[in-house]
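In listed order, ligands and their atoms are each counted from 1.
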Amino acid sequence: MTRPTAGTILIGAEQIQARVKEMAKQIQADYPAAEDLHLVCVLKGAFMFLADLIRGMERSTTVDFMALSSYARGTTSSGEVRLLKDLDYGLQGRNVIIVEDILDTGLTMSYLQEILRARSPRTLRTACLLSKPSRRMIDVPVEYIGFTIEDRFVVGYGLDYAEEYRNLPHIAVLG
Ligand code: IMP
């Protein structure tokens with residue numbers, strides 16, 4: 001199968017693993033072991049991040065999944081968001097962390113936080129592996145950020161371009 005080369009490595013696999021372990025420890029330290037912790041993974045891009053994040057935690061945690069479509073135009077978000085798959089479980093009274101792959105304009109996350117907040121979680125925080133602050137169109141609170149990157153379209157470690165490259169263990173700039 002031919003496909004465009006995924007270009008230069010921006011963040012290596014070992015660097016990702018080390019940072020995600022750190023994030024797992026930080027989250028663990030922020031939530032007393034006696035309290036519940038419920039992670040909401042945004043499909044599909046965050047599946048690998050979630051898998052490593054929960055394996056880095058030595059505490060009980062539950063997970064659920066949702067899928068959104070951001071009506072993307074090419075490689076940029078249009079700001080309109082559609083719920084493709086809802087959560088299996090309610091959030092009322094729970095400590096919830098949204099687990100997302102990348103924060104770009106922030107429009108998708110802003111929408112997501114709004115709909116999840118309406119479900120009355122006890123606390124709601126957000127963990128993003130990557131953030132492109134220069135692209136932000138809306139101020140959105142994100143408590144845990146793995147890496148801050150420049151305005152480049154990146155793939156790998158769950159992130160795709162036209163459904164390709166999700167299996168790369170590193171983050172690469174599409175070239
Ligand atoms: P936002 O609404 O502009 O913040 O877009 C967020 C979504 O756009 C992410 O969840 C990704 O699905 C997608 N996205 C934004 N930038 C990239 C990128 O560099 N690579 C892959 N997907 C991206």
Fill in: Glu100 near ligand 1 by a heavy-atom separation under 4.0 Å
yes

Worksheet, complete the sentence: Contact region, Met137 to ligand 1, non-hydrogen atoms below 4.0 Å, reads neither

Worksheet item: Just heavy atoms, cut-off under 4.0 Å: does Arg152 contact ligand 1 by side chain, backbone, both, or neither?
Response: backbone

Discussion item. Is a donor from one side chain sitting under 3.5 angstrom from an acceptor on the other, for Ser134 and Asp151?
Written reply: no

Worksheet, complete the sentence: For Thr108, the ligand 1 atoms with a heavy-atom partner under 4.0 Å come out as 1 (P), 2 (O), 5 (O), 6 (C)

Item to complete: Verify the distance criterion only: is there a donor paired with an acceptor across the side chains of Arg59 and Tyr31 at less than 3.5 Å?
Response: no

Worksheet entry | Non-hydrogen atom of Asp160 closer than 4.0 Å to ligand 1 | yes

Worksheet item: Considering residues at least two apart in sequence or located in another chain, which fulfil the side-chain contact (heavy atoms from CB on, under 4.5 Å) criterion with Lys44?
Response: Glu163, Arg166

For a quick test of your reading: what N or O donor-acceptor pairs under 3.5 Å do the side chains of residues 46-54 make, sequence neighbours left out?
residue, atom, partner, partner atom, Å
Asp52, OD1, Arg55, NH2, 2.8
Asp52, OD2, Gln17, NE2, 3.0
Asp52, OD2, Tyr157, OH, 2.6

Worksheet item: Out of curiosity, is Gly106 lining ligand 1, as in a heavy atom under 4.0 Å away?
Response: yes

Worksheet entry | Under 3.5 Å side-chain donor-acceptor pair for Arg136 and Ser131 | yes

Practice prompt. Would you mind listing which atoms of ligand 1 come within a distance below 4.0 Å of any non-hydrogen atom of Thr105?
Written response: 1 (P), 2 (O), 3 (O), 4 (O)

Worksheet item: Side chain, backbone, both or neither: which part of Asp101 comes within less than 4.0 Å of ligand 1 when only heavy atoms are counted?
Response: side chain

Item to complete: May I ask you to check whether Phe153 has an N/O atom sitting below 3.5 Å from an N/O atom of ligand 1?
Response: no

Worksheet item: With a cut-off of 4.0 Å, which atoms of ligand 1 are near a heavy atom of Lys132?
Response: 16 (N), 17 (C), 18 (C), 19 (O)

Discussion item. Looking at Glu150, I want to see if its CD is surrounded by more than 12 non-hydrogen atoms of other residues, nucleotides or ligands under 6.0 Å.
Written reply: no

Discussion item. When you measure from the heavy atoms of Leu159 to every atom of ligand 1, does any distance fall below 4.0 Å?
Written reply: yes

Item to complete: Can you establish whether the number of heavy atoms outside Asp88 located under 6.0 Å from its atom CG is more than 12?
Response: yes

Worksheet entry | Atoms in ligand 1 flagged as close to Val154, the criterion being non-hydrogen separation under 4.0 Å | 18 (C), 19 (O), 20 (N), 21 (C)

Discussion item. Is it the case that atom CZ in Arg152 sees more than 12 heavy atoms from other parts of the structure closer than 6.0 Å?
Written reply: no

Worksheet entry | Heavy-atom donor-acceptor pair, Gln28 side chain to Glu58 backbone, under 3.5 Å | yes

Worksheet, complete the sentence: Out of Ile102, Val81, Asp104, Ile138, the nearest non-hydrogen contact to atom 11 (C) of ligand 1 is supplied by Ile102

